[in-house]
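Report on the structure given below.
Order of listing sets the numbers, starting from 1, for every ligand and every atom in it. What's counted below: heavy atoms across the whole structure, side chains too, no hydrogens, waters or symmetry copies. As the structure is a computational prediction, the values presented were derived from the model and not from experiment.
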Amino acid sequence: MIAVADILTLSHVQKAFGSKQVLKDVDFSIPQGSIFGFVGENGAGKTTTMKLILGLEKADAGIITVGGQTVHFGATKTNRITGYLPDVPAFYGYMTPVEYLDLCARITGISGRQHRIAEMLDLVQLKADKHRIRGFSRGMKQRLGIAQALLNRPQLLICDEPTSALDPAGRNEFLELLASLRGQTTVLFSTHILSDVERISDRVGILHDGHLQACDTLANLHQQFGRPQIKLTLSDTQTAQRCGQVLRPLPVQVQANQVTIPYQDAYETTAQQVLRALVTADITPIALQRQSATLEQIFLEVIGNGHTINHA
Ligand SMILES: Nc1ncnc2c1ncn2[C@@H]1O[C@H](COP(=O)(O)OP(=O)(O)OP(=O)(O)O)[C@@H](O)[C@H]1O
């Protein structure tokens with residue numbers, strides 16, 4: 001098997017703002033051509049990590065390399081092979097997409113400008129659009145932002161929460177666009193929408209308490225952290241709450257009209273225990289399913305919150 005080189009590596013990276021140590025020891029790498037979903041709670045340090053990779057912030061310690069070259073704070077050469085889509089991309093609203101991309105291409109000295117701009121607008125399905133950017137929807141702006149980020153044929157594309165402001169159709173289109181880059185451009189994207197990560201990522205990194213607590217393929221994360229579970233669907237939220245109480249001390253999670261019970265022993269042992277308790281309490285579930293954990297549950301498990309979900 002041919003080994004795939006890592007396009008990005010972070011070694012023992014630390015970053016503090018004043019007395020707040022945001023990144024304590026961040027260590028990970030991303031293989032070339034893969035899609036990397038970067039997740040973590042609000043304030044975990046995802047944007048900070050991305051800014052360090054882009055040389056927009058200065059690390060207190062540690063080494064970052066992109067394409068084998070070390071990243072330096074300030075005008076880092078590695079940005080010639082890196083594209084960036086910030087969470088809220090800014091545009092000149094009075095320009096058309098072609099005018100805007102032409103300006104970006106001139107600034108960065110891209111050769112074969114016109115051809116590349118047409119190619120990018122085709123990719124993001126804005127080719128026919130002659131309107132000014134100020135009238136664009138969030139989805140259209142996000143797609144134009146990615147056209148701009150890809151203009152210089154980057155080897156690494158960094159996107160900060162690219163889908164958070166998009167409606168389901170816009171999100172879908174955008175994820176397909178990111179997925180279509182697989183194999184050519186390495187994509188690192190941050191998000192709180194874990195189903196987006198599950199959909200397109202080859203690898204997932206979970207940032208928590210200043211460390212990348214988990215960094216692996218989805219399959220391996222499932223194997224390591226995702227305990228199998230029994231999901232009960234009840235007739236209403238009240239019954240689900242009552243069911244949750246009846247089933248304690250099992251580590252139940254109650255969410256709306258569903259109760260989830262992760263288990264470690266044989267399925268039959270837990271299922272029988274659950275069914276017996278339900279019969280005794282005179283509760284009849286609408287459905288009982290045996291399933292594997294979702295990425296949300298794995299995330300909560302990794303950040304040490306695995307047994308505490310109890311959304312009423
Ligand atoms: N320039 C700065 N000066 C001071 N504190 C900062 C600065 N930039 C970030 N921080 C702090 O560092 C922490 C990490 O912020 P960061 O934006 O990297 O988190 P995040 O994981 O991207 O969060 P979110 O998911 O909410 O976007 C936060 O507590 C934030 O307030």
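- Proximity of Thr47 to ligand 1, defined as any heavy-atom pair under 4.0 Å, is shared by backbone and side chain alike.
- The shortest N or O to N or O distance between Gly40 and ligand 1 is not under 3.5 Å.
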**OP:** Go through the steps to decide whether Thr191 and Asp196 satisfy the test side-chain hydrogen bond (donor to acceptor under 3.5 Å, both in side chains), and finish with yes or no.
**Re:** CA-CA 8 Å; Thr191 185; Asp196 286 359; 4.5 Å; no
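- Inclusion of Gly45 in the set of residues having an N or O under 3.5 Å from an N or O of ligand 1 is warranted.
- Contacts with ligand 1 closer than 4.0 Å are made by side-chain heavy atoms of His192 only, the backbone lying farther away.
- His12 and Asp25 are linked by a side-chain donor-acceptor pair at a separation below 3.5 angstrom, with hydrogens and angles left out of the test.
- The aromatic rings of Tyr100 and Phe91 lie perpendicular to each other, with more than 60° between the two planes, well past the 30° mark.
- For ligand 1, one of its N or O atoms has an N or O atom of Ala44 under 3.5 Å away.
- Not a single heavy atom of Lys51 sits under 4.0 Å from any atom of ligand 1.
- Distances shorter than 4.0 angstrom occur between a heavy atom of Glu161 and an atom of ligand 1.
- Not one N or O on the side chain of Asp160 forms a donor-acceptor pair closer than 3.5 Å with the backbone of Thr47.
- Between Lys24 and Asp209 there is a salt bridge, since a side-chain N of the basic residue sits under 4.0 Å from a carboxylate O of the acidic one.
- Within a 4.0 Å radius of atom 30 (C) of ligand 1, the protein contributes no non-hydrogen atoms.
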